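The next block holds one structure in the form of structure tokens; read it before the comments.
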Amino acid sequence: MIDIAKIAKVVDDAARNAKAIPQISAKHKISVEQGYAIQSAAFSRRMARGETQVGIKMGFTSRAKMLQMGIDDMIWGRLSDNMLIEDGDEINLSDYVHPRAEPEIAFLLGRTINHPCTAAEALAAVDAVAPAIEIIDSRYKNFKFSLADVVADNSSSSGFIVGSWALAETDLSNLGMILDFNGRPVQIGSSAAILGHPIRSLTAAARIAAAAGEPLQAGWIIMAGGATAAESLKPGVTVRNSVQDLGFAGFKVSD
Ligand code: 0L1
Ligand code: MG
């Protein structure tokens with residue numbers, strides 16, 4: 001019998017203190033379901049400290065990400081207001097274990113989606129779309145984990161940056177996406193790499209969230225998942241995700 005609350009505290013403390021921990025699965029045999037229970041309990045600790053849930057992130061929604069991490073299942077995590085980094089702001093590497101950035105697209109929901117839905121229904125609930133970046137920061141040593149481990153660790157989610165919101169009607173089917181560090185492209189991809197079309201990530205999010213009993217709420221931000229592999233952050237870099245027709249989102253890493 002594993003102690004969900006105890007493990008949730010370990011994961012939460014690791015995130016708060018930016019201290020790497022061994023994989024949970026090295027000590028306890030945990031299922032993916034138990035991983036989500038740990039994630040939920042760890043996120044509740046954030047809420048108890050006054051944070052508010054503002055959305056969810058979808059993970060492993062592109063082949064490049066699955067290949068990079070050797071995992072081939074979609075996962076999700078929770079986003080809080082405290083995880084939001086304002087577009088253009090600076091972060092400090094000492095607040096993270098070994099952070100990486102990945103270029104994404106974000107959806108802003110104008111309506112709650114409380115059931116599995118079609119792409120057309122999902123799109124009708126979207127108020128706006130934006131270029132975005134997720135900062136992932138596995139709390140596990142050497143960025144190594146099992147599927148259940150990463151799920152327990154909020155699917156590695158650590159921060160997110162959203163650029164200016166654009167029209168929900170923007171055609172997202174095949175937009176060029178460039179992640180650059182100090183103006184030098186480090187990852188190049190297309191929005192089509194996100195499950196063939198980012199809207200599929202939103203329908204997957206609706207299905208998963210409804211099944212979890214936590215429907216997607218009006219006003220939430222849904223991060224659709226990385227279009228490319230993630231790139232390790234380095235001191236002094238300015239990071240930018242430029243998305244064709246949408247503009248860009250970015251942040252700085254202090255020296
Ligand atoms: O695509 C994702 O956001 C998955 C994040 C979890 C795996 C990782 O840390 O790369
Ligand atoms: Mg991501």
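Not measured: the values here are computed from a predicted model.
Side-chain contact between Phe143 and Val97: absent, with no pair of heavy atoms (C-beta onward) separated by less than 4.5 Å.
Among Val150, Asn142, Asp153, Asp149, the single residue meeting the side chain to side chain contact (heavy atoms under 4.5 Å, CB included) criterion with Gln23 is Asp149.
Judged by distance alone, the side chain of Thr61 and the main-chain N or O of Ile194 form no donor-acceptor pair under 3.5 Å. Checking side-chain atoms of Ser191 against main-chain N and O of Leu172 turns up a donor-acceptor pair under 3.5 Å. Checked by atom type and distance alone, the side chain of Asn182 pairs as donor or acceptor with a backbone atom of Thr238 at under 3.5 Å. Under a 3.5 Å cut-off, the side chain of Glu134 and the backbone N or O of Gly226 do not form any donor-acceptor pair. Of the possible donor and acceptor atoms, one in the side chain of Glu104 sits under 3.5 Å from a partner among the backbone N and O of Gly225. Remark: side-chain polar atoms of Arg111 are not paired, donor with acceptor, to backbone N or O of Leu109 under 3.5 angstrom. Without hydrogens or angle criteria, Asn241 side chain to Ala132 main chain gives a donor-acceptor distance under 3.5 Å.
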Residue pair Asp12, Lys9: steps toward the salt bridge (charged side-chain N to carboxylate O under 4.0 Å, His left out) verdict: CA-CA 5 Å; Asp12 181 51; Lys9 178 175 180 335; over 6 Å; no
Set out, in order, the CA-CA distance, both residues' side-chain angles and the distance that settles salt bridge (charged side-chain N to carboxylate O under 4.0 Å, His left out) for Arg78 and Glu214, then state yes or no. CA-CA 11 Å; Arg78 295 161 167 92; Glu214 297 178 35; 2.6 Å; yes
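At a cut-off of 3.5 Å, with distance as the only test, no side-chain donor of Asn82 or Ser80 sits close to an acceptor on the other residue.
Ile136 is connected to Tyr36 through a chain of hydrophobic side-chain contacts under 4.5 Å among Ile, Leu, Val, Met, Phe, Trp and Tyr, so both are in one cluster.
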